[in-house]
**Student:** 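One structure, as structure tokens, below. Some questions next.
Note that these values count all heavy atoms, side chains included, but never hydrogens, waters or copies made by symmetry.
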Amino acid sequence: MTDYKETLNLPQTDFQMKARLSQKEPEMLKKWEEAGLYDKIKEAGKDRPKYILHDGPPYANGHIHLGHALNKTLKDIVVKSRTMSGFSAEYVPGWDCHGLPIELQVEKKFKEKKKELGKTAVRKACREYANKFVSIQRDEFKRLGIFGEWENPYLTMNYGYQAAILSELGRFVEEGLVYKGKKPVHWCSSCSTALAEAEVEHAEKTSPSVYVRFEAVSIEFSKAIMEDGVKTAAFLGAEDIPISVIIWTTTPWTLPANLAIAVHPDVSYSTVRITLHGHEEIWVLATDLVESTMDKFGIENYSIVNSAPGSLLEGIVCKHPFVARESVVRTANFVTTEAGTGCVHIAPGHGQDDYEVGLKHGLEVYAPVDNNGLFTSDVPEFEGQFVFKANNGIIELLEEKGMLIKTEEVSHSYPHCWRCKKPVIFRATAQWFVAMDDDSRLRERALKAISEEVEWVPGWGKERIYGMIEKRPDWCLSRQRVWGVPIPALICSGCSNAFLDKGLINSLGKRFEESGADIWFERPLEELLPEGLKCPECNGTEFEREEDILDVWFDSGVSFSAVLERRENLSNPADLYLEGSDQHRGWFHSSILASIATRKVPPYKSVLTHGFVVDGKGRKMSKSDGNVIAPEQIIEKYGVEVLRLWVAAEDYRDDIRVSEEILKRLSEAYRRIRNTFRYILGNISDFNPETDSVQFNELEELDRLTLHRLNGITEKVLSAYEKFEFHTIYHTVHNFCTVDLSAFYLDILKDRLYTSGTKGKSRRAAQTTIYYVLDSLVRLLAPVLVFTTEEAWAFLPGKREASVHLAAMPTVNADWVNNELDEKWRGLSAFKDEISKALEGARVEKIIGHPLDAFVSVVPGEADTEKLKEVEALLVSVLIVSGLCVTDGTEAPKETEASFSFVSEEIPGLKVTVTKAPGGKCERCWHYSESVGTQTGHATICDRCVEALA
RNA sequence: GGGCCUGUAGCUCAGUAGGUUAGAGCACACGCUUGAUAAGCGUGGGGUCGAAAGUUCGAAUCUUUCCAGGCCCA
């Protein structure tokens with residue numbers, strides 16, 4: 001007896017169903033490395049047009065988290081897809097190495113020894129620390145399958161990079177953009193340093209809240225008579241009663257620095273006559289706040305004398321509550337009536353808004369507080385006291401002077417130092433600044449470039465960064481820190497003038513290039529100075545060096561110069577910057593300012609942003625909430641491939657969720673794709689595309705339909721790569737694998753592949769088709785599933801490049817387009833669905849099990865019987881039944897058989913009857929056929945199989 | 001508190017310029033198959049579109065408010 005199973009062409013392949021990704025991925029990486037794959041990709045692209053994705057440098061501190069993985073994987077997908085689409089897309093990764101966090105880590109290690117060791121030792125330790133994490137992160141990134149110049153990355157602490165930073169600073173100086181000024185900045189008195197916005201965290205703090213009287217000493221002000229003819233004096237109801245403007249503040253310690261009082265010009269203010277402790281006074285405050293404030297003060301006996309807009313109050317001269325100084329009422333738009341009295345105490349040296357009011361009215365930027373937050377001798381009463389501690393004394397003093405109306409405690413959001421977590425103060429200090437609005441109109445030019453010269457993806461990125469640049473203050477470049485590139489300014493010993501000299505910057509640049517920026521701190525100053533250098537103010541020749549270093553945003557902001565312009569394989573501007581949306585204030589921001597200031601053009605043509613990784617509920621990940629998932633966990637459990645699929649599957653323009661469920665779903669989707677690969681590979685193991693391919697026009701109908709559909713998804717996927725819409729790639733391909741291939745084409749194809757003649761045209765046509773399908777799918781997915789596609793690539797027959805990553809994307813084949821066919825099958829699949837329902841009914845009734853047990857009678861009803869009749873044979877194979885006939889319903893099915901009838905609700909009049917198929921079951925192809933038993937020499941198989949065996 | 005953004009089935013995504021009973025895949029349930037088998041196939045249940053109000057003959061799609069969440073600021 002023949003074992004007919006042996007005569008079938010069943011799938012055969014060593015491409016494993018089980019991926020074992022976490023083991024195999026590192027092996028693949030090693031293989032790539034040994035083969036020098038990245039260099040080969042570079043070499044292959046040397047004559048192609050460039051596509052430059054410029055890497056934003058992550059900070060060289062700590063291990064990578066999912067945010068890093070997301071960002072770098074997205075970049076890798078861009079680079080790989082552009083490479084496969086005919087570009088040379090070299091990727092040079094970088095790291096941000098200077099800055100406070102590393103310095104603090106090192107400081108922690110040194111503890112008290114820091115001061116003895118000096119700057120050089122600290123800087124050396126910082127460099128080592130940064131190097132250590134560059135190395136750690138590099139390995140972690142490589143593990144993600146990211147291709148790039150890992151052995152030659154850019155580090156902002158490299159000597160060449162440091163020299164570039166200095167040279168860019170020189171250009172800023174040359175453009176006249178850099179000035180030294182006094183300005184209130186966030187100041188941490190504990191760390192003795194100015195803090196960047198980014199270095200400030202907001203947290204709840206309890207502060208004293210005080211209401212203070214500022215007595216008016218003169219009502220002979222400049223605007224005594226207003227346009228409406230109302231005398232301010234009249235508004236004040238000037239009588240022989242003391243008049244006070246009432247202010248509210250939660251920082252009593254800034255009162256010694258008070259220089260003015262601000263009111264909103266358009267807000268209504270009232271003069272309120274009150275009786276307190278038996279005598280009368282007139283108080284001025286915002287009309288809307290009178291009632292609540294009086295309530296708070298417990299004053300019941302009051303009456304509003306008069307009301308007028310704040311603009312009328314401008315110029316009232318008040319007496320400082322305890323310092324012999326005047327404080328004048330000014331108008332400002334930032335004033336609100338949400339809290340307090342609508343009259344705001346102004347200390348230009350201690351607040352941003354205050355500073356701006358002061359600037360407008362020519363007030364001194366006065367801040368009698370030293371680096372450690374202690375009052376200076378300017379405030380004798382509190383000299384040497386820490387400002388927050390002095391609050392109490394100041395309140396007592398106010399009380400004593402009879403100026404305090406009310407004091408209480410409030411809890412509010414207050415800025416804190418990100419490092420020591422202590423509350424910070426606003427304090428005016430001498431800093432180097434980049435002017436946003438001077439003659440060179442940096443702000444204006446940057447805004448113009450943002451709206452006209454850069455493509456922002458998603459589009460709202462434009463509004464976001466525009467708003468930020470529009471409102472940002474001058475760029476404070478200096479940091480009173482150690483680990484960074486020095487601002488090589490000189491301070492004249494003769495006249496104390498601080499200045500930046502272009503000649504010095506130039507000559508230093510060369511030395512930085514050779515020996516690094518450390519020399520500024522290490523070498524004697526005389527050795528560094530150009531000959532004959534004189535103070536531009538007093539011609540003095542004795543100098544001291546500036547100790548401040550540059551803001552690290554300046555470091556990374558000039559990467560277009562340090563990296564794009566300086567590397568032969570790159571060029572400026574870049575095609576794309578791709579970072580998280582926080583970089584609208586970070587790197588995108590500093591980069592465009594730096595580039596506009598020095599090159600007049602933006603450093604990027606387009607900017608793509610992604611959202612943040614959040615947990616399954618959409619909440620941010622934090623250690624304290626315990627919802628953090630580390631890349632490692634995912635890699636160990638599922639493999640990098642699933643992590644990459646996650647990056648590709650989610651719409652990154654929004655926040656990106658990750659959870660165990662999401663990963664589980666994705667790993668299942670991965671298996672589906674992998675199985676599709678495997679199934680096709682199994683069925684083309686005996687197929688040689690060069691010799692066995694069937695011409696397109698000789699393919700069968702379903703083959704051509706499938707290639708038409710493949711064409712469709714190819715077009716869609718290529719366009720999605722082009723437009724950076726990666727999640728549609730995943731959905732498109734997954735859907736194609738599941739719906740068009742697995743549940744339709746491949747399922748139908750089994751009969752042809754397994755049972756027909758091994759070398760017959762029908763089988764070869766099927767193989768030709770699925771070969772095309774797999775070849776395309778593997779290429780299309782290579783940028784995402786970097787390992788799996790490479791694995792499949794090696795199994796694919798035919799001549800091909802050594803690696804899928806050296807291959808090109810498939811092209812859309814115009815010859816394959818057949819919309820008529822597509823249309824036809826769209827209609828037929830509706831019939832297929834309905835007949836499937838009938839089969840399911842028959843299955844429930846136990847008439848059939850497998851569809852091949854069935855014979856189907858179709859009465860089309862209102863549908864076109866003739867047309868359906870034509871595709872009878874196709875429907876048999878599509879439904880995988882043993883027989884099907886389309887009739888007009890006049891011939892009833894054989895009554896002897898058990899049958900199941902189904903009337904369609906979807907297709908009017910369609911009636912389907914399912915019966916057990918007649919004849920015997922062919923042992924070989926499992927179809928039922930009347931021919932079984934009639935074949936000589938083959939008693940148990942059908943005529944079709946006999947023919948196949950011939 | 002402000003700027004920008006998001007909120008469609010358990011999950012990931014579609015839903016064109018507002019117009020018939022809101023789609024897909026996965027997951028789930030039930031069944032089939034055992035020649036993709038730690039696979040494959042079929043059928044089925046499940047959202048009224050974050051909430052409310054409004055504009056409109058008609059809204060997931062426009063407006064307002066509110067709620068929840070994210071980034072960046074204060």
Side-chain angles (χ1 to χ4, degrees), chain A residues 4-5 8-13 17-18 197-198 200 202 334 336 338-339 352-353 412-415 458-468 470-472 580-586 589 609-620 645-646 648-651 653-657 659-666 668-669 671-672 674-683 725 727-728 730-739 742-744 746-751 753-755 832-833 835-844 846 848-853 879-880 924-926:
Chain A
Y4 290 109
K5 186 169 175 178
L8 293 170
N9 309 297
L10 294 179
Q12 255 184 338
T13 178
M17 175 180 287
K18 197 142 193 266
E197 300 289 339
V200 169
H202 289 266
F334 79 87
T336 70
E338 274 168 19
Q352 185 60 37
D353 291 326
H412 59 156
S413 171
Y414 190 85
W460 50 257
K462 183 192 282 192
E463 317 304 320
R464 192 169 151 92
I465 192 168
Y466 193 99
M468 286 171 175
E470 195 177 27
K471 291 196 193 102
R472 70 154 299 148
S581 58
D582 56 336
Q583 297 304 325
H584 284 119
R585 182 164 291 272
H589 190 117
T609 53
H610 60 254
F612 278 69
V613 180
V614 293
D615 72 9
K617 292 175 190 143
R619 288 170 197 276
K620 74 166 148 200
L645 196 59
W646 165 72
E650 306 253 334
D651 185 349
R653 291 167 293 198
D654 204 350
D655 285 332
I656 299 168
R657 296 185 181 212
S659 67
E660 196 47 47
E661 180 180 7
I662 291 169
L663 292 167
K664 197 169 160 230
R665 290 292 99 87
L666 282 165
E668 281 157 4
R671 285 217 311 269
R672 165 67 95 178
R674 184 177 178 89
N675 256 319
T676 304
F677 285 10
R678 177 176 131 94
Y679 183 70
I680 294 179
L681 286 173
N683 282 297
E725 288 167 2
H727 65 284
T728 67
Y730 160 77
H731 281 282
T732 302
V733 172
H734 185 244
N735 226 48
F736 182 66
C737 286
T738 303
V739 180
S742 198
F744 184 73
L746 295 181
D747 203 31
I748 295 163
L749 221 52
K750 283 173 190 168
D751 184 60
L753 286 168
Y754 299 172
T755 70
K832 178 181 184 267
D833 290 346
I835 297 168
S836 286
K837 284 177 196 166
L839 289 168
E840 180 65 19
R843 194 150 35 228
V844 171
K846 306 282 183 208
I848 60 162
H850 194 283
L852 280 175
D853 299 342
L879 286 154
I880 321 181
R924 184 167 178 275
C925 72
W926 293 349

**Student:** Kindly indicate, with the supporting measurements, whether the criterion side-chain contact (heavy atoms from CB on, under 4.5 Å) is fulfilled by A:Val739 and A:Phe744.
**Tutor:** CA-CA 6 Å; A:Val739 180; A:Phe744 184 73; over 6 Å; no
**Student:** Using the P atom as the reference point in each nucleotide, state the distance between B:G3 and B:U61 in Å, no decimals.
**Tutor:**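 Each nucleotide's P atom is 23 Å from the other's.
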**Student:** Write down the distance separating the C1' atoms in B:G45 and B:C28, rounded off to the nearest Å.
**Tutor:**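 Comparing C1' positions in B:G45 and B:C28 gives a spacing of 9 Å.
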**Student:** Please check if the number of heavy atoms outside A:Gln12 that lie under 6.0 Å from its CD is greater than 12.
**Tutor:**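 Count not over threshold, so no.
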**Student:** Between A:Lys750 and A:Asp747, does any side-chain N to carboxylate O distance fall below 4.0 Å?
**Tutor:**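 Yes, charged N to carboxylate O under 4.0 Å.
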**Student:** Below 4.0 angstrom from OP1 or OP2 of B:C71, is there any side-chain N or O of A:Lys620?
**Tutor:**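 Yes, because at least one side-chain N or O of A:Lys620 sits under 4.0 Å from OP1 or OP2 of B:C71.
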**Student:** Under the 3.5 Å rule, do the base of B:C73 and the side chain of A:Arg585 count as making a donor-acceptor pair?
**Tutor:**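 When only heavy-atom distances are counted, A:Arg585 does not reach the base of B:C73 through any donor-acceptor pair under 3.5 Å.
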**Student:** Applying a 4.0 Å non-hydrogen cut-off, can you work out what A:Gly682 is touching in the nucleic acid: base, sugar-phosphate, or nothing?
**Tutor:**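 No contact at all - A:Gly682 keeps every heavy atom at 4.0 Å or more from the nucleic acid.
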**Student:** Decide if atom NZ of A:Lys620 counts as having more than 12 heavy atoms of other residues, nucleotides or ligands within a radius under 6.0 Å.
**Tutor:**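 No, the 6.0 Å shell around NZ holds no more than 12 heavy atoms from other groups.
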**Student:** Please give the distance between the P atoms of B:U56 and B:U63 as a whole number of Å.
**Tutor:**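 Here B:U56 and B:U63 have their P atoms 16 Å from each other.
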**Student:** For the C1' atoms, the ones on B:G15 and on B:A9, what distance do you get once it is rounded to whole angstrom?
**Tutor:**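 Pairwise C1' distance, B:G15 against B:A9, rounds to 14 Å.
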**Student:** For B:G70 and B:G23, measure between their P atoms and round to the nearest Å.
**Tutor:**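 Their P atoms lie roughly 33 Å apart.
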**Student:** Using a cut-off of 4.0 Å on non-hydrogen atoms, how would the nucleic acid contact of A:Val844 be classed: base, sugar-phosphate, or nothing?
**Tutor:**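 No contact at all - A:Val844 keeps every heavy atom at 4.0 Å or more from the nucleic acid.
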**Student:** For a stem of at least 3 consecutive Watson-Crick or G-U pairs with distances under 3.5 Å, i pairing with j, i+1 with j-1 and so on, which stems involve RNA chain B?
**Tutor:**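 Stems found: B:1-7 with B:67-73, B:10-13 with B:23-26, B:28-32 with B:40-44, B:50-54 with B:62-66.
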**Student:** At 4.0 Å (heavy atoms only), tell me whether A:Ala669 reaches a base, stays on the sugar-phosphate, or touches nothing.
**Tutor:**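 No contact at all - A:Ala669 keeps every heavy atom at 4.0 Å or more from the nucleic acid.
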**Student:** Looking only at atom P, what distance separates B:G19 and B:U12, rounded to whole Å?
**Tutor:**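 Looking at atom P only, B:G19 and B:U12 are 26 Å apart.
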**Student:** Within less than 4.0 Å of OP1 or OP2 of B:A36, is there a side-chain N or O belonging to A:Tyr754?
**Tutor:**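 Looking at the OP1 and OP2 atoms of B:A36, one of them is under 4.0 Å from a side-chain N or O of A:Tyr754.
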**Student:** Indicate whether A:Trp926 forms a stack on B:G35; treat it as stacked only if centroid distance is below 5.5 angstrom and interplanar angle below 30 degrees.
**Tutor:**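 Stacking between A:Trp926 and B:G35: present.
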**Student:** Can you name the atoms? Protein N/O to nucleotides 60-63 of chain B N/O, anything below 3.5 Å, with the distance.
**Tutor:**
none

**Student:** Under 3.5 Å, is there a donor-acceptor pair between the side chain of A:His734 and the main chain of A:His731?
**Tutor:**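 Side chain of A:His734 to backbone of A:His731, a donor-acceptor pair under 3.5 Å: no, none is there.
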**Student:** I'd like to check the ring pair (Phe, Tyr, Trp, His ring centres under 6.0 Å) partners of A:Phe677; sequence neighbours left out, ordered by chain and number.
**Tutor:**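 With sequence neighbours excluded, A:Phe677 shows a ring pair (Phe, Tyr, Trp, His ring centres under 6.0 Å) to no residue whatsoever.
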**Student:** Produce a footprint string for nucleotides 5-11 of chain B: one letter per nucleotide, 5' end first; B if the base is under 4.0 Å from any protein heavy atom, S if only the sugar-phosphate is, - if neither.
**Tutor:** SS---BS
**Student:** Go through the structure and list residues passing side chain to side chain contact (heavy atoms under 4.5 Å, CB included) with A:Ala842, not counting sequence neighbours.
**Tutor:**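 A:Ala842 satisfies side chain to side chain contact (heavy atoms under 4.5 Å, CB included) with A:Ile847, A:Ile848, A:Phe900, A:Val914 once adjacent residues are dropped.
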**Student:** Where along nucleotides 38-49 of chain B does protein come under 4.0 Å, by heavy atom, of base (B) or sugar-phosphate alone (S), with - for untouched nucleotides?
**Tutor:** BSSSBSS-----
**Student:** A:His727: which residues meet the ring pair (Phe, Tyr, Trp, His ring centres under 6.0 Å) condition with it, sequence neighbours left out?
**Tutor:**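 Ring pair (Phe, Tyr, Trp, His ring centres under 6.0 Å) check on A:His727 returns nothing, list empty.
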**Student:** In whole Å, measure the gap between the P atoms of B:U21 and B:C49 for me.
**Tutor:**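 B:U21 and B:C49 have their P atoms separated by 15 Å.
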**Student:** Residues in salt bridge (charged side-chain N to carboxylate O under 4.0 Å, His left out) with A:Asp651, at least two apart?
**Tutor:**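 Residues passing salt bridge (charged side-chain N to carboxylate O under 4.0 Å, His left out) with A:Asp651: A:Arg653.
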**Student:** Regarding A:Gly611, tell me which of base, sugar-phosphate or nothing describes its non-hydrogen contacts under 4.0 Å with the strands shown.
**Tutor:**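 Answer is nothing: A:Gly611 stays at 4.0 Å or more from every strand.
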**Student:** Check the side chains of A:Ser742 and A:Arg672 for a donor-acceptor pair under 3.5 angstrom, ignoring hydrogens and angles.
**Tutor:**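 A:Ser742 and A:Arg672 do have a side-chain donor-acceptor pair below 3.5 Å.
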**Student:** Quick one: salt bridge (charged side-chain N to carboxylate O under 4.0 Å, His left out) partners of A:Glu463, sequence neighbours excluded?
**Tutor:**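 Expected list: none.
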**Student:** Roughly how far apart, to the nearest Å, are B:G7 and B:A52 at atom C1'?
**Tutor:**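 16 Å, rounded to whole Å.
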**Student:** Atom CZ of A:Arg472 to atom C1' of B:G3: distance rounded to whole Å?
**Tutor:**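 After rounding, the gap between these two atoms is 16 Å.
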**Student:** Please identify each residue that fulfils salt bridge (charged side-chain N to carboxylate O under 4.0 Å, His left out) with A:Arg657, with sequence neighbours left out.
**Tutor:**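 By the salt bridge (charged side-chain N to carboxylate O under 4.0 Å, His left out) rule, A:Arg657 matches no residue at all.
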**Student:** Who passes salt bridge (charged side-chain N to carboxylate O under 4.0 Å, His left out) against A:Asp353, sequence neighbours left out?
**Tutor:**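 Here no residue qualifies.
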**Student:** Which residues pass the ring pair (Phe, Tyr, Trp, His ring centres under 6.0 Å) test with A:His610, not counting sequence neighbours?
**Tutor:**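 Not a single residue meets the ring pair (Phe, Tyr, Trp, His ring centres under 6.0 Å) criterion with A:His610.
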**Student:** Taking atom C1' of B:C26 as reference, at what distance in whole Å does atom CG of A:Leu666 sit?
**Tutor:**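 In whole Å, B:C26 C1' and A:Leu666 CG are 10 Å from each other.
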**Student:** Reckon A:His850 has a side-chain N or O less than 4.0 Å from the OP1 or OP2 of B:U34?
**Tutor:**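 So the side-chain polar atoms of A:His850 never come under 4.0 Å of the phosphate oxygens OP1 or OP2 of B:U34.
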**Student:** Can you tell me the distance, in whole Å, between the OH atom of A:Tyr679 and the P atom of B:U37?
**Tutor:**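 Rounding to the nearest Å, OH of A:Tyr679 and P of B:U37 are 10 Å apart.
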**Student:** Looking for any heavy atom pair under 4.0 Å, which part of the strands does A:Arg674 touch: base, sugar-phosphate only, or nothing?
**Tutor:**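 Nothing, no heavy atom under 4.0 Å.
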